[in-house]
Amino acid sequence: MILSIIMITYNHSKYIKQAIESILMQETTFDFELIITNDFSPDNTEEIINTIITEHPKGNKIKYISHPKNLGMMPNFIFSLKQGSGKYIALCEGDDYWTDPLKLQKQVDFLEKNEDFSICFHNVNTLCAGVLKEENIKKTIPEISGIKELAKTNFIHNLSVVYRNGLIPKFPEYFKKAPIGDYFLHMLNARHGKIKYIDEVMGVYRIHETSYWSSKKQIEQELILVNFITNIKENFTVEIKKKLTKQVLKIKYKNQKGLKRILAKLKYNLYF
């Protein structure tokens with residue numbers, strides 16, 4: 001059995017070494033491969049990757065693909081996902097890293113014993129301006145959940161997830177241009193099984209000025225999220241569509257003021 005780890009990277013020269021080494025330190029009873037796709041980075045990301053491939057004892061586990069031109073975040077992500085042939089897929093972008101050498105083993109052990117689960121994820125810390133903070137999602141996220149809970153809000157960090165490969169024979173057309181590919185991916189996978197949360201911090205999500213999502217202002221994030229959720233609803237059941245709509249209305253209600261806020265709240269309460 002093999003597990004495929006997908007790492008997309010662009011201009012991650014400051015972080016890529018730590019990201020790769022945190023993966024190669026994994027101790028497993030199964031084989032794994034690290035697929036790195038470099039989206040034509042103008043910095044020296046490629047040089048760092050090639051050095052690790054050559055010099056690291058586990059460098060042979062790396063399958064490195066360097067695009068001759070920039071594809072963009074989602075096309076690169078889709079390309080990368082298609083390269084993974086393992087029974088399971090794990091994700092870790094080039095600016096994040098794992099901290100527990102048994103992370104993969106713990107997640108795969110659970111999924112092997114529980115075939116009714118499609119996703120397993122864990123808690124993470126965040127690193128911003130050199131300060132490490134605990135996410136504390138364990139206070140609000142149940143140990144066992146499913147697509148109904150995920151439709152309310154995305155509580156899964158990319159670097160924390162392991163999921164069963166092959167659950168999505170073909171990505172929906174909108175996936176190619178979705179601004180939030182990880183949430184869409186998790187939602188699509190959650191159609192096929194339950195979600196397991198491991199209450200352990202086993203990775204670090206890095207927040208920096210060049211990251212796609214965290215570099216945006218909150219109002220911009222919310223506008224993107226509203227449009228995104230509106231576009232993905234058609235891929236789910238009536239019940240899940242309703243929960244996604246509720247998430248949109250909640251965002252809109254929060255940003256209204258005065259009479260508009262009162263009317264938005266009434267609409268929210270009446271709808272549900």
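FYI, side chains are in, hydrogens and waters are out, and symmetry mates aren't considered; it's all heavy atoms of this structure.
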Donor-acceptor contact present, side-chain Ser41 to main-chain Asp43, <3.5 Å: no

Looking at CD1 of Ile35 and NZ of Lys82, how far apart are the two atoms once the value is rounded to the nearest 0.5 Å? 13.5 Å

Would a distance-only check, ignoring hydrogens and angles, find a side-chain to backbone donor-acceptor pair under 3.5 Å from Lys133 to Thr126? no

Would you kindly say whether Ser160 and His157 are connected by a side-chain donor-acceptor distance under 3.5 Å? no

pair Thr28-Val108: side-chain heavy atoms closer than 4.5 Å: no

In sequence, state the C-alpha distance, the side-chain angles, and the governing distance for Asp100 and Lys106, and then conclude on salt bridge (Lys or Arg N to Asp or Glu O under 4.0 Å). CA-CA 10 Å; Asp100 188 337; Lys106 293 173 184 177; 2.7 Å; yes

Just checking Phe40 against His67, ring centres under 6.0 Å apart? no

Can you tell me if Arg206 uses its side chain to pair, donor with acceptor, with the backbone of Asp95 under 3.5 Å? yes

Same hydrophobic cluster for Met7 and Tyr205, using side-chain heavy-atom links shorter than 4.5 Å among ILVMFWY? yes

In terms of relative ring orientation, are Phe117 and Phe110 parallel, tilted or perpendicular, with 30° and 60° separating the classes? perpendicular

Distance-only donor-acceptor check, side chains Glu33 and Ser4, under 3.5 Å: yes

Working to the nearest 0.5 Å, report the span between NZ of Lys152 and CG of Leu244. 11.5 Å

Is the distance between the ring centroids of Tyr15 and His208 under 6.0 Å? yes

Check: Leu111 main-chain N/O paired with Glu115 side-chain donor or acceptor under 3.5 Å: no

Measuring from atom NZ of Lys194 to atom NZ of Lys148, what distance do you get when rounded to the nearest 0.5 angstrom? 12.5 Å

Rounded to the nearest 0.5 Å, how far apart are CD of Glu143 and CD1 of Ile198? 9.0 Å

Asn38 and Tyr64 side chains, donor-acceptor separation under 3.5 Å: yes

Taken to the nearest 0.5 Å, the spacing of Ile5 CD1 from Leu34 CG works out to 5.5 Å

Strictly by modelled atom types, are Lys103 and Gln107 linked by a side-chain donor-acceptor pair under 3.5 Å? yes

Residue Lys233 excluded, over 12 heavy atoms near NZ under 6.0 Å: yes

Is the terminal nitrogen or CZ of Lys61 (NZ for Lys, CZ for Arg) located under 6.0 angstrom from the six-membered ring centre of Phe32 and within 45° of that ring's axis? yes

Pair Glu149, Lys243 - check salt bridge (Lys or Arg N to Asp or Glu O under 4.0 Å), show working. CA-CA 9 Å; Glu149 291 79 13; Lys243 292 184 181 299; over 6 Å; no

Would Thr9 and Glu93 count as having a side-chain donor-acceptor pair, cut-off 3.5 Å? no

Is it the case that the side chain of Ser118 and the backbone of His192 share a donor-acceptor pair, with hydrogens and angles ignored and the cut-off at 3.5 Å? no

Hey, can you tell me if Phe228 and Phe184 have their rings parallel, tilted or perpendicular (30° and 60° cut-offs)? perpendicular

With a cut-off of 6.0 Å (strictly less than), are more than 12 heavy atoms of other residues, nucleotides or ligands near NZ of Lys17? no

Would you mind listing every side-chain hydrogen bond (donor to acceptor under 3.5 Å, both in side chains) that reaches into residues 161-170, with sequence neighbours excluded? Tyr88-Arg164

Does the side chain of Asn235 reach to within under 4.5 Å of the side chain of Tyr174, using non-hydrogen atoms? no

Looking just at side-chain N and O atoms, do Asn76 and Thr37 make a donor-acceptor pair shorter than 3.5 Å? yes

Spatial distance of atom NE2 (His186) from atom CD1 (Ile180) [nearest 0.5 Å]: 11.0 Å

